[in-house]
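Owing to the predicted nature of the structure, the values given are computational and were not obtained by experimental measurement. Labels below follow one simple rule: chain letters A, B, ... track the order of the sequence lines, proteins then strands, and each chain is numbered from 1.
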Amino acid sequence: MSDTEPKGPTNFIEEIIEEDLRTGKYGGRVHTRFPPEPNGYLHIGHAKSICLNFGLAEKYGGKCNLRFDDTNPTKEEEEYVQAIKEDVRWLGFDWGEREFYASDYFEQLYEFAVKLIKKGKAYVDSLSAEEIRQYRGTLTEPGKESPYRNRSVEENLDLFERMRAGEFPDGAHVLRAKIDMSSGNLNMRDPVMYRILHATHHRTGDKWCIYPMYDFAHGQCDSIEGITHSICTLEFEDHRPLYDWFLDELEIYHPQQIEFARLNLSYTVLSKRKLLRLVNEGYVSGWDDPRMPTLSGLRRRGYTPEAIRDFADRIGVAKNNSVVDVALLEHCLREDLNRRAQRVMAVLRPLKVVITNYPEGQVEEMEAVNNPEDASMGTRKVPFSRVVYIERDDFREDPPKKFYRLAPGREVRLMHAYLITCTDVIKDENGEIVELHCTYDPETRGGSAPDGRKVKGTLHWVSAAHALDAEVRLYDRLFLKPDPDDAPEGQDFLANLNPNSLEVLTGCKVEPFLASAQPGDRFQFLRHGYFCKDPDSTDEMPVFNRAVALRDSWAKIERKQASS
RNA sequence: UGGGGAGUCGUCUAAUGGCAGGACAGCAGACUCUGGAUCUGUGUGUCGGGGUUCGAAUCCCUGCUCCCCAGCCA
């Protein structure tokens, strides 16, 4: 990292902030906020927003609040609040004492509403929901004014007070801003500010039976908290005139709303509605299914917060609608774990190998490096004996071109151990290969030959007598198409689910080192990929999730050979 | 003639009137006790058409395409 390079703005939001800093618009302050609604779990798209908001505060020496946008008691739950806090913390961000809730400000918001009523800028409407919709007009035709629009200030005050007091059933009245029913911007056609909801709120209980709408809450919350830059996604661009209108009419501190493009990821769905369907309809095991793009899913899969933050940095921030290739996310994880993950040998589809000239009963402790990228991680001992398991894929009776691995009569290296040569192939009555006989060269201990001869192939292995059994879960993309919504006429994204997104392997053989692994620990299984120990593990049966596979150039060659 | 926003390699993103650059993906090669990692090489990309200018991705005009908005959701 070079300190001599001037940092400078890296996206349009930083440009705005630096301009504001130059002109002293907010007295040199930068104060952002991350405002989730506690009605679902956070996903990788939220991570982009979290990294942006907290990252900006960090970069400019400001603050970032965590604020729960809890203005709809019918959808929000405490469970989500806890999960969201855990996820933000896990990502590596700290909101200090600044944990706020829109519901903290309900009283203040009520006073703001009263102020607008007194100014003649808000009124109680008694039209039904259906009537309000009709009066709103359409995208191309102006709306018309409600017959209740010109109620007196006194009547509005009285009605609004009685709404709060609980005198009316849900839907009987709403409080609306008096703006312009003919505006081209539908949000300005007398938007609803308050609705009656006789529902128990997860924090305020039954204290309130009227709740503010998002538009009447968000900007005022920003104002109360002294937010300088209120960053949200593109679909709120149309709301900005309303955001500004409320603040101006209320004559209170006025933050600025800035919109950026939300994250879209190939082969992935990120809408709460769709994620909820995947969970509720059982296509995945839960919000934290390792195939889910939720932060809890990614965490269980084996993703690191560092990889996700690096990803957020790399995708940038702009106003273009875009779809980021999920391969970039995978790349970020590989890059992080390559640097940090403990290497270990694991045989996923075992094939027994008897080394016929190795002394029966002998065990040697072979020294293996823990991470060739980081010598400080040291070495470990791996037991070697007469019977070992290798990967079934690492042997071919009739090897194709460019196959460097084991075949009859061929010599390969067992990593960190010996060079072995295949002498016999043992089959069962069905012709199925059940066992290989090999000989080893005692002169090659550690894996290199004193005569300098080279072998093309290096295999991982596990000593049969010392192996631990394990279950391994191989995950693949949840959807078959880059755009899961690209479904045949009359079908939806579920039509594009990948039927092979999870493959469960049992009877896997892993090296004894893994006995001490804890759920959440991540490893590189040599030549396979990065794996994370799953909380489903028991003492008898550890379970490992594949977070991401290693790049596999043999698979690529094989595919090419198959297609030509 | 409803309103708002956006168009740069396959994908994402830089450039702020002065050499269109980076990352991912792909392809080719080198190296390797992980067919990993690493390294090297590799690009017919500025939505179209006009204009201003010595010079335009950038400024002007014009056309086209895409996205968002009609919850008492956020």
Taking CD from Gln257(A) and P from rG4(B), how many angstroms apart are they, rounded to a whole number? 16 Å
Between P of rU34(B) and CZ of Arg343(A), the distance in whole Å: 11 Å
side-chain N/O [X] vs [N] OP1/OP2, d < 4.0 Å:
X: Ser553(A); N: rG36(B); value: yes
X: Lys560(A); N: rA28(B); value: yes
X: Arg527(A); N: rG35(B); value: yes
X: His460(A); N: rU34(B); value: no
X: Lys556(A); N: rG26(B); value: yes

Checking all strands, does [X] fall into the base, sugar-phosphate, or nothing category for heavy-atom contacts under 4.0 angstrom?
X: Arg405(A); result: base
X: Ser322(A); result: sugar-phosphate
X: Phe403(A); result: base
X: Leu328(A); result: sugar-phosphate
X: Val455(A); result: nothing

Taking the same atom, [atom1], in [N] and in [M], what whole-Å distance lies between them?
N: rG43(B); M: rG26(B); atom1: C1'; result: 11 Å
N: rA57(B); M: rC24(B); atom1: C1'; result: 22 Å
N: rA37(B); M: rC73(B); atom1: C1'; result: 48 Å
N: rG63(B); M: rU44(B); atom1: P; result: 34 Å
N: rC66(B); M: rC27(B); atom1: P; result: 32 Å
N: rG7(B); M: rC39(B); atom1: P; result: 33 Å
N: rU13(B); M: rA6(B); atom1: C1'; result: 15 Å
N: rU40(B); M: rA23(B); atom1: P; result: 10 Å

Consider the side chain of Asp238(A), meaning its heavy atoms from C-beta on, and name the nucleotide among rU34(B), rC24(B), rC68(B) that approaches it most closely. rC68(B)
Nearest to side-chain heavy atoms of Tyr404(A), which nucleotide of rG4(B), rG35(B), rU11(B): rG35(B)
The salt bridge (charged side-chain N to carboxylate O under 4.0 Å, His left out) partners of Arg164(A) (sequence neighbours excluded) come to Glu107(A)
What's touching nucleotides 70-74 of chain B from the protein side, N or O pairs under 3.5 Å?
unit_1, atom_1, unit_2, atom_2, d
rA70(B), O2', Arg136(A), NE, 3.3
rG71(B), OP2, Arg133(A), NE, 3.4
rG71(B), OP2, Arg136(A), NH2, 3.3
rC72(B), OP1, Arg136(A), NH2, 3.2
rC72(B), OP2, Arg136(A), NH1, 3.1
rC72(B), N4, Leu127(A), O, 3.1
rC72(B), N4, Ala129(A), N, 3.0
rC72(B), N4, Gly171(A), O, 3.3
rC73(B), OP2, Arg195(A), NE, 3.0
rC73(B), OP2, Arg195(A), NH2, 2.8
rC73(B), O3', Arg195(A), NH2, 3.2
rC73(B), O2', Asn72(A), ND2, 3.1
rA74(B), OP1, Thr71(A), OG1, 2.6
rA74(B), OP1, Arg195(A), NH1, 3.4
rA74(B), OP1, Arg195(A), NH2, 3.0
rA74(B), OP2, Tyr214(A), N, 2.9
rA74(B), O3', Asp69(A), OD2, 3.4
rA74(B), N6, His239(A), NE2, 3.3

Honestly, is Arg477(A) close enough over Tyr267(A), meaning NZ or CZ under 6.0 Å from the six-membered ring centre and within 45° of the axis? yes
Report yes or no: is the cationic atom of Arg380(A) (NZ for Lys, CZ for Arg) closer than 6.0 Å to the six-membered ring centre of Phe513(A), at no more than 45° off its axis? yes
According to the interplanar angle, ranging from 0 to 90°, do the rings of [X] and [Y] count as parallel (below 30°), tilted (30 to 60°) or perpendicular (above 60°)?
X: Phe236(A); Y: Tyr214(A); value: tilted
X: His46(A); Y: Phe34(A); value: perpendicular
X: Phe216(A); Y: Phe246(A); value: perpendicular

Check: [N] base within 3.5 Å donor-acceptor of [X] side chain:
X: Gln524(A); N: rU34(B); value: yes
X: Glu237(A); N: rG3(B); value: no
X: Asn320(A); N: rG7(B); value: no

Using only heavy-atom distances, determine whether the side chains of Thr304(A) and Arg522(A) contain a donor-acceptor pair under 3.5 Å. no
On RNA chain B, check which nucleotide each of Asn185(A) and Pro372(A) is closest to and give me the residue with the more 5' one. Asn185(A)
Select from Val317(A) and Tyr530(A) the residue whose nearest nucleotide in RNA chain B is closer to the 5' end of that strand. Val317(A)
Would you give a per-nucleotide map of nucleotides 17-22 of chain B, 5' to 3', where B means the base has a protein non-hydrogen atom under 4.0 Å away, S means only the sugar-phosphate does, and - means neither? ------
Contacts of Trp245(A) meeting ring pair (Phe, Tyr, Trp, His ring centres under 6.0 Å) (sequence neighbours excluded), chain-then-number -> none
Which residues share a side-chain contact (heavy atoms from CB on, under 4.5 Å) with Arg392(A), sequence neighbours left out: Arg349(A), Leu351(A), Ile433(A)
Lys556(A) and Asp552(A) ion-paired at < 4.0 Å: no
Assign rG71(B) to syn or anti; the rule is syn for a glycosidic angle within 90° of 0 and anti otherwise. syn
Can you give me the dot-bracket string for RNA chain B, 5' to 3', counting Watson-Crick and G-U wobble pairs with both distances under 3.5 Å, using [ ] for crossing pairs and | for partners on another strand? .((((((..((((....[..)))).(((((.......)))))....(((((..]....))))))))))).....
